[in-house]
Amino acid sequence: MAPRRMGRLRRAGRRRARRLLSHPLLGARLARRAGGGPAGRPVDGDRAAIALPVPVARVAVADLKSHLEETVELRGWVHAVRDQKRMQFVVLRDETGLAQLILGKQEQPSELNETISALTPESAVTVAGLVVADERVKLGGLEVQLASLSVDSPAEPELPITPDSALDKRIDWRYLDLRRPDRRLIFEVQSTVEHAMREHWREQGFIEIHTPKLMGSASESGAELFKVDYFERTAYLAQSPQFYKQMAMAGGFGKVFEIGPVFRANPSFTSRHDTEFTSVDVEISWIDSHEDVMAFEERWLAHVLTVVAERHGEQISSTFGVEVGAPKLPFPRITLAAAKDLLEAGGHEAGGGGLDPDHDLDPPSERALSAIVAEQTGSEFVFVCDYPTSVRPFYHMRHPDQPTLTRSFDLLWRGIELTTGAQREHRYEQLLAQARAKNVEVDQVQYYLDFFRYGAPPHGGFGFGLTRLLMQMLGQDTVREVTFLYRGPNRLEP
RNA sequence: GGGGGCGUAGCUCAGCUGGUUAGAGCGCUGCCCUGUCACGGCAGAGGUCGCGGGUUCGAGUCCCGUCGCUCCCGCCA
């Protein structure tokens with residue numbers, strides 16, 4: 001930190017200390033803390049004046065109940081002001097909750113009364129006061145009798161958004177939108193999700209990797225890559241860490257994961273796509289088939305959901321009206337062909353050749369399949385496996401006895417595709433042949449093919465959409481709601 | 001990229017078959033109200049009806065173009 005800034009901070013700290021000392025309620029307490037109180041040695045006035053006060057720690061709203069009859073400092077935002085003839089109420093919101101502040105008003109309003117009358121919602125304030133219990137107060141049966149209030153940063157009157165503003169407008173003013181507790185909860189859950197994922201990986205001996213997002217050539221198709229000026233040539237933003245996590249297999253890492261950004265240049269206008277999103281990637285060596293990958297993924301997800309349910313289940317239920325719980329294992333598995341038979345038998349009609357053997361399921365079919373599986377097995381999750389080579393990349397391993405089918409899978413949750421995974425082809429000659437059969441420009445991916453020339457373990461893995469998981473988990477209808485800052489074809493700001 | 005929908009006050013919306021000064025709720029401003037808690041009461045300010053062109057005596061309303069947003073499909077995580 002620059003010395004200049006340090007100086008400013010120190011000065012601000014002294015100002016704050018003086019302000020607090022000047023309050024009749026706080027002054028005594030601060031003096032006690034400084035050593036002059038009943039528990040400390042008696043000190044003369046001069047020494048007490050020189051001694052720096054021990055600052056009153058900021059108390060979180062959620063902890064107020066353990067500070068009854070104490071004077072505390074609170075810092076947060078003005079949630080509401082109810083300015084009456086004889087009584088003023090301010091509802092203060094901080095990261096942990098809402099609290100009522102109260103101040104009486106005499107015939108001649110005090111300076112503090114005037115300050116409160118002029119408060120605008122969402123102003124950032126620091127207040128001090130005595131915490132008292134009062135059963136009249138609906139907010140937790142307690143309130144803070146105001147001794148002081150200072151505005152750290154006023155909010156202009158008339159906020160540009162309200163909680164029910166259109167999502168696009170809320171994203172324009174995302175920092176205001178994020179102040180709302182229900183939106184904050186989304187990101188608290190996201191933190192828990194990522195932590196639980198890492199917990200499980202670390203228990204299982206995985207290594208976390210960070211792969212480059214700047215690449216010299218396409219990693220897969222090339223059609224959906226963003227180009228970037230890179231000195232005298234063109235670079236591409238990684239649309240997947242796919243090749244690099246496989247490189248970690250060739251590098252002997254055994255089991256790896258990465259949580260990181262990926263970039264897709266598709267002009268996709270749906271509720272579940274963005275041009276930059278957080279991908280969760282896993283790759284595991286020494287597997288026998290894609291079944292091993294699925295077996296890992298379902299246990300890993302069950303752990304995540306269990307932890308989220310324990311920690312946030314009640315709040316998610318009361319805030320979003322959805323239940324999160326540990327899923328039953330194993331998840332049902334169904335081949336793509338059998339899934340189509342099931343849909344056909346159920347009378348489902350897909351558009352765009354959705355039920356043709358060579359096509360993937362279209363979104364309505366995925367939703368219908370999830371509904372049928374849920375009804376028949378009680379599982380909200382379903383692995384769809386054995387996709388035809390026509391809809392899978394060249395590096396997916398084929399079934400030895402059915403060369404038109406791959407050892408691959410998708411994971412659907414409540415009708416949305418969360419994951420694509422597969423066993424990878426690790427035999428160089430076979431991989432080369434499959435690349436040529438798919439018309440891949442071999443010289444562009446030669447560096448990747450080389451991974452398999454000097455002894456590569458059989459391996460497989462999956463890619464997983466973090467925001468799609470959150471969207472389904474929290475009953476949100478778009479990934480934009482659960483993305484800190486959404487990026488789409490028409491959205492580069494804020 | 002293909003198809004549908006929307007764009008009216010700071011916010012959310014209403015404005016029927018084209019017809020005088022374009023409305024509501026919330027918010028905002030002022031006044032009133034001894035404990036509010038979605039506080040309440042009274043008054044007020046606030047709108048080039050996304051933009052451009054056209055049809056018409058007359059356009060928020062109809063037509064064309066354009067921009068923005070949105071949903072579905074394609075693509076995928």
Side-chain angles (χ1 to χ4, degrees), chain A residues 79-92 98-107 117-118 120-122 134-143 145 155-173 176-177 220-221 223-224 239-242 259-282 350-354 359-367 391-393 410-413 416-421 462-472 477-480 483 488-491:
Chain A
H79 193 72
V81 182
R82 287 187 274 274
D83 187 4
Q84 302 193 116
K85 181 78 170 176
R86 297 290 181 204
M87 210 65 83
Q88 290 179 311
F89 301 93
V90 177
V91 179
L92 180 92
L98 298 171
Q100 173 162 291
L101 317 176
I102 182 172
L103 182 68
K105 216 199 279 183
Q106 304 303 315
E107 292 292 329
S117 295
T120 49
E122 294 305 318
D134 191 322
E135 57 189 20
R136 286 176 295 186
V137 183
K138 292 182 183 173
L139 270 175
L142 51 79
E143 63 189 0
Q145 295 176 345
E156 295 176 17
E158 298 229 273
L159 299 161
I161 56 166
T162 62
D164 65 340
S165 289
L167 177 60
D168 190 58
K169 196 165 290 190
R170 287 194 280 114
I171 292 177
D172 283 339
W173 301 93
L176 292 177
D177 189 42
E220 291 183 41
S221 66
E224 51 186 24
Q239 38 99 274
S240 162
Q242 182 60 38
I259 300 179
V262 295
F263 305 88
R264 305 280 167 96
N266 303 50
S268 297
F269 300 97
T270 78
S271 58
R272 59 195 181 281
H273 288 89
D274 19 31
T275 50
E276 173 178 352
F277 65 94
T278 303
S279 179
V280 178
D281 276 89
V282 166
H359 284 79
D360 196 353
L361 297 172
D362 57 23
S365 301
E366 289 179 337
R367 291 191 285 269
V391 297
R392 291 283 155 159
D410 277 7
L411 174 63
L412 307 183
W413 187 22
I416 291 285
E417 192 176 323
L418 288 186
T419 284
T420 291
F462 59 87
F464 178 100
L466 182 63
T467 45
R468 287 190 178 180
L469 173 77
L470 284 166
M471 171 173 84
Q472 296 305 77
D477 46 25
T478 163
V479 293
R480 295 187 274 259
T483 303
N490 298 319
R491 173 64 78 172

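All of these numbers come straight from a predicted model, not from anything done at the bench. Chain letters run A, B, ... following the sequence lines, proteins first and then strands; every chain starts at 1.
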Under 3.5 Å donor-acceptor pair, A:Q100 side-chain atoms to B:U36 base atoms: yes
Nucleotide nearest A:N266 (side chain, heavy atoms from C-beta), chosen from B:C69, B:G35, B:C75: B:C75
Any residue meeting side-chain contact (heavy atoms from CB on, under 4.5 Å) with A:R367, in chain and number order, not counting sequence neighbours: A:P363, A:P364
Distance in angstrom units between A:F277 CZ and B:A77 P, rounded: 7 Å
Whole-angstrom distance between B:U20 and B:C28, as gauged at atom C1': 30 Å
First encountered from the 5' end of RNA chain B, between A:D410 and A:P363: A:P363
Least distance between heavy atoms, A:D410 atom then A:R392 atom: OD1-NH2, 2.6 Å
Touch class at under 4.0 angstrom, heavy-atom based, for A:P267 against every strand present: base
Touch class at under 4.0 angstrom, heavy-atom based, for A:R480 against every strand present: sugar-phosphate
A:F89 over B:G35, stacked by centroid distance under 5.5 Å, angle under 30°: no
Sugar-phosphate only, base, or nothing, as touched by A:F462 at under 4.0 Å among non-hydrogen atoms: nothing
Check: A:V91 and A:R82 side chains under 4.5 Å, non-hydrogen atoms: yes
Residue list, side chain to side chain donor-acceptor pair (under 3.5 Å) with A:S117, at least two apart or on another chain: A:D83, A:Q88
Heavy-atom side-chain proximity of A:R468 to A:H273 below 4.5 angstrom: yes
By side-chain contact (heavy atoms from CB on, under 4.5 Å) - contacts of A:T162 (at least two apart): A:D164, A:S165
Distance, C1' atom - from B:G7 to B:G52, rounded to whole angstrom: 16 Å
Rounded distance (Å) that lies between atom P of B:G4 and atom CZ of A:F269: 16 Å
Sugar-phosphate, base or nothing in reach of A:E143, heavy atoms under 4.0 Å: base
Closest contact, heavy atoms only, A:K85 versus A:K105: O-CD, 3.5 Å
Single hit among A:I259, A:V282, A:L469, A:T420 for side chain to side chain contact (heavy atoms under 4.5 Å, CB included) with A:F464: A:L469
Integer angstrom distance from the C1' of B:U55 to that of B:C64: 11 Å
Selection residues 264-281 of chain A - residue pairs positive for salt bridge (Lys or Arg N to Asp or Glu O under 4.0 Å), sequence neighbours left out: A:K245-A:D281
Length of the CZ-P vector between A:R264 and B:A77, whole Å: 5 Å
Identify all pairs in which a protein N or O lies below 3.5 Å from an N or O of nucleotides 31-33 of chain B, and state each distance.
{"unit_1": "B:C33", "atom_1": "OP2", "unit_2": "A:K85", "atom_2": "NZ", "d": "2.6"}
{"unit_1": "B:C33", "atom_1": "N4", "unit_2": "A:D83", "atom_2": "O", "d": "3.0"}

Taking every non-hydrogen atom, the tightest pair across A:P160 and A:K169: O-CD, 4.4 Å
Euclidean distance, atom CG of residue A:N490 to atom P of B:U70 [Å, nearest integer]: 8 Å
d(CD, A:E135; P, B:C37) in whole Å: 17 Å
Inter-nucleotide C1' distance (B:G54, B:U12), Å rounded: 33 Å
Distance, rounded to the nearest Å, where A:D274 contributes CG and B:U70 contributes P: 13 Å
Phosphate contact (B:A77 OP1 or OP2) by A:T420 side-chain N/O below 4.0 Å: yes
Contacts of type side-chain contact (heavy atoms from CB on, under 4.5 Å), residue A:D134, not counting sequence neighbours: A:R136, A:V137, A:E143
Side chain proximity check, A:L167 to A:R170, heavy atoms < 4.5 angstrom: yes
Stem regions touching RNA chain B, defined by at least 3 consecutive Watson-Crick or wobble G-U pairs below 3.5 angstrom: B:1-7 with B:67-73, B:10-13 with B:23-26, B:28-32 with B:40-44, B:50-54 with B:62-66
Value in whole Å for how far the C1' atom of B:C39 lies from NE2 of A:H79: 14 Å
Residue A:S271, side-chain heavy atoms: nucleotide from B:C75, B:C73, B:C72 that is nearest: B:C72
Those residues that, when tested against A:P267, pass side-chain contact (heavy atoms from CB on, under 4.5 Å) (two or more places apart): A:F269
Nearest-angstrom distance, C1' atom, B:U61 to B:G50: 16 Å
Between B:C26 and B:A45 - C1' atom distance, rounded Å: 16 Å
Listed nucleotide nearest any side-chain atom of A:R136, set B:C28, B:U34, B:G35: B:G35
Using nucleotides 7-14 of chain B, report all nitrogen or oxygen pairs with the protein that are shorter than 3.5 Å.
{"unit_1": "B:G10", "atom_1": "O2'", "unit_2": "A:L159", "atom_2": "O", "d": "3.3"}
{"unit_1": "B:C11", "atom_1": "OP1", "unit_2": "A:K169", "atom_2": "NZ", "d": "3.0"}
{"unit_1": "B:C11", "atom_1": "O3'", "unit_2": "A:S165", "atom_2": "OG", "d": "3.1"}
{"unit_1": "B:C11", "atom_1": "O2'", "unit_2": "A:T162", "atom_2": "OG1", "d": "2.7"}
{"unit_1": "B:C11", "atom_1": "O2'", "unit_2": "A:S165", "atom_2": "OG", "d": "3.2"}
{"unit_1": "B:U12", "atom_1": "OP1", "unit_2": "A:A166", "atom_2": "N", "d": "3.0"}
{"unit_1": "B:U12", "atom_1": "OP2", "unit_2": "A:K169", "atom_2": "NZ", "d": "3.4"}

Touch class at under 4.0 angstrom, heavy-atom based, for A:T278 against every strand present: nothing
Touch class at under 4.0 angstrom, heavy-atom based, for A:R367 against every strand present: sugar-phosphate
Touch class at under 4.0 angstrom, heavy-atom based, for A:V280 against every strand present: nothing
Under 3.5 Å donor-acceptor pair, A:S268 side-chain atoms to B:C76 base atoms: no
Beyond-backbone contact of A:D172 with A:R491, side-chain heavy atoms, under 4.5 angstrom: yes
Nearest-Å distance once atom P is located in both B:C16 and B:U56: 23 Å
Residue whose nearest RNA chain B nucleotide is more 5′ - A:T478 or A:V391: A:T478
Any A:L412 side-chain heavy atom under 4.5 Å of A:E417 side chain: yes
Partners passing side chain to side chain donor-acceptor pair (under 3.5 Å) against A:E122 (at least two apart in sequence or in another chain): A:R93, A:R179
Using the 3.5 Å cut-off, write out each protein N or O paired with an N or O of nucleotides 44-48 of chain B and the distance between them.
none

Pairwise P distance, B:G46 and B:G2 [rounded to whole Å]: 44 Å
Salt bridge (Lys or Arg N to Asp or Glu O under 4.0 Å) partners for A:E107, two or more places apart: A:R86
Integer-rounded Å distance: B:G74 P and A:E366 CD: 9 Å
Below 4.0 Å: OP1/OP2 of B:C69 and any side-chain N or O of A:R170: no
